[in-house]
Every structure is written in structure tokens, then in C-alpha cells.
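Reviewing the structure listed below.
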Amino acid sequence: MALYSEKVMDHFRNPRNVGVIEDADGIGEVGNAKCGDIMKMYLKIEDDIIKDVKFETFGCASAIASSSMATELIKGKPVEDAMKLTNKAVAEALDGLPAYKMHCSVLAEEAIQSALDDYESKRGKKG
């Protein structure tokens with residue numbers, strides 16, 4: 001059996017939404033000291049809809065694929081829906097991750113949450 005699903009390999013080899021949004025409405029950065037993965041998410045939000053999302057990830061195939069899939073799952077969606085995104089949903093959308101790589105999907109969830117928190121704090125709703 002292959003270590004990674006075809007979807008993981010596709011999102012690793014051809015990641016979607018890579019890059020920076022210069023005038024992002026929300027930016028989130030998270031990392032995992034244990035594995036060394038770092039994810040940064042950028043959100044462009046208009047009328048509570050995520051119009052654009054980009055990411056920069058330094059990490060393994062699972063981290064890059066999780067970042068890519070997470071951006072695909074929230075792009076064009078209401079902020080409220082993005083807030084509900086779970087690492088489980090990211091992993092399922094990738095047709096699964098090896099158990100010891102599930103932390104990568106957790107990082108993707110946390111990076112999006114961090115960017116959404118940043119967006120909310122800039123709007124004066126939090127913090």
C-alpha cells in the first residue's frame with residue numbers, strides 16, 4: 001500500500017493557492033517545533049466571504065498537501081463556514097493521511113483559525 005493517497009501526492013506536486021496576499025485581511029502563522037513544519041495563511045475577505053486565500057508552507061509532503069487542500073475547502077466560502085473547518089475534514093478530503101502525519105492537517109486547521117482570528121481582531125471583534 002502506498003504511504004500517501006493520490007490526492008495527497010497531487011496536492012503536494014501541484015499545490016493550489018501558493019503565495020502571498022500583500023493586502024491580506026487576515027494572516028495566520030503556526031508551526032510545529034517537533035517536526036519543523038511552518039504554515040502561513042493569508043485571507044482576503046469581502047462581505048464575510050473568503051474571496052482569496054494563499055499559503056506558504058515549509059514542511060513535508062503532508063504539510064504542503066494539507067495546506068493546499070485546506071485553502072481549497074474555504075475559498076469562496078463564508079467566514080462562518082471556514083471557522084468550522086476541522087483537521088479531520090482536511091484529512092478526509094485528501095483521502096486520508098498516515099496516523100503519524102495527522103498533525104499536518106491540525107496545523108492547516110490552526111493556520112486558518114489564526115488567520116481568521118487576525119481578521120476578527122482587525123475588525124475589533126476580538127481581543
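All residue numbers refer to positions in the sequence shown, counting from 1. The analysis underlying the following values was restricted to heavy atoms, covering all of them including side chains, and did not include hydrogens, waters or symmetry mates. If you're wondering where the values come from, they're calculated on a predicted model, not measured in any experiment.
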*asked:* Let's go through Asp10 and Met69 carefully: what are the C-alpha distance in whole Å and the side-chain angles of both, what is the deciding distance for side-chain contact (heavy atoms from CB on, under 4.5 Å) to 0.1 Å, and is it a yes or a no?
replied: CA-CA 10 Å; Asp10 181 42; Met69 181 56 81; over 6 Å; no

_Would Ser5 and Asp95 count as a side chain to side chain donor-acceptor pair (under 3.5 Å) here? Give the steps._
CA-CA 6 Å; Ser5 71; Asp95 292 337; 4.9 Å; no

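Put simply, the side chain of Arg13 never gets that close to the backbone of His11: no donor and acceptor are under 3.5 Å apart. One N or O on the side chain of Ser67 and one on the backbone of Ala63 form a donor-acceptor pair closer than 3.5 Å. The main-chain N or O of Ser62 is found under 3.5 Å from a side-chain atom of Ser66 such that the two form a donor-acceptor pair.
Contact between Val79 and Glu120 at its shortest, heavy atoms only, is CG1-OE2, 4.0 Å. For the pair Lys75 and Val53, the tightest heavy-atom approach, listed with the atom from each and the gap, is CB-CG1, 3.9 Å. When all heavy atoms of Leu3 and Pro98 are compared, the closest pair comes out as O-CG, 3.4 Å.
Side-chain contact between Asn87 and His103 is absent, with no heavy atoms from C-beta onward closer than 4.5 Å. Contact check for Met102 versus Leu97: side-chain heavy atoms found under the 4.5 Å cut-off. Residues Cys60 and Cys104 have side chains in contact (heavy-atom distance under 4.5 Å, counting atoms from C-beta outward). The shortest side-chain heavy-atom distance between Lys51 and Ile45 does not fall under the 4.5 Å cut-off. At least one side-chain heavy atom of Glu109 sits under 4.5 Å from a side-chain heavy atom of Thr86.
At a threshold of 4.5 Å between side-chain heavy atoms, the hydrophobic network of Ile, Leu, Val, Met, Phe, Trp and Tyr places Leu43 and Met83 in one connected group. Note on Val90: it does not cluster hydrophobically with Ile38, by side-chain heavy-atom contacts below 4.5 Å among ILVMFWY residues. Taken together through direct or relayed side-chain contacts under 4.5 Å among Ile, Leu, Val, Met, Phe, Trp and Tyr, Ile74 and Ile27 form parts of separate hydrophobic clusters. Grouping the Ile, Leu, Val, Met, Phe, Trp and Tyr side chains by contacts below 4.5 angstrom, directly or via other members, places Leu116 apart from Ile21. Cluster membership for Val18 and Val8, using ILVMFWY side-chain heavy atoms within less than 4.5 angstrom, is shared.
For the side-chain contact (heavy atoms from CB on, under 4.5 Å) with Met41, the qualifying choice from Ile112, Asp118, Asn17, Thr57 is Ile112, the only one to do so.
Between the CD atom in Glu6 and the CE atom in Met9 there is a gap of 7.5 Å [rounded to 0.5 Å]. To the nearest 0.5 Å, the span separating CZ on Phe12 from OG on Ser68 amounts to 11.5 Å. Distance check: Asp52 CG to Ile50 CD1 gives 10.0 Å after rounding to the nearest 0.5 Å. Taken from CG in Leu94 to OH in Tyr4, the straight-line distance is 11.0 Å, to the nearest 0.5 Å.
Using a cut-off of 4.0 Å between Lys/Arg side-chain N and Asp/Glu carboxylate O, Lys88 and Glu92 are scored as not salt-bridged.
In this structure, Asp47 places its CG atom where only 12 or fewer heavy-atom neighbours from other residues, nucleotides or ligands lie under 6.0 Å away.
Hydrophobic cluster of Val30: the remaining members, joined at side-chain heavy-atom separations below 4.5 Å, are Met39, Leu107, listed by chain and number.
Under the side-chain hydrogen bond (donor to acceptor under 3.5 Å, both in side chains) criterion, the residue pairs touching residues 29-43 are Tyr42-Glu56, with sequence neighbours excluded.
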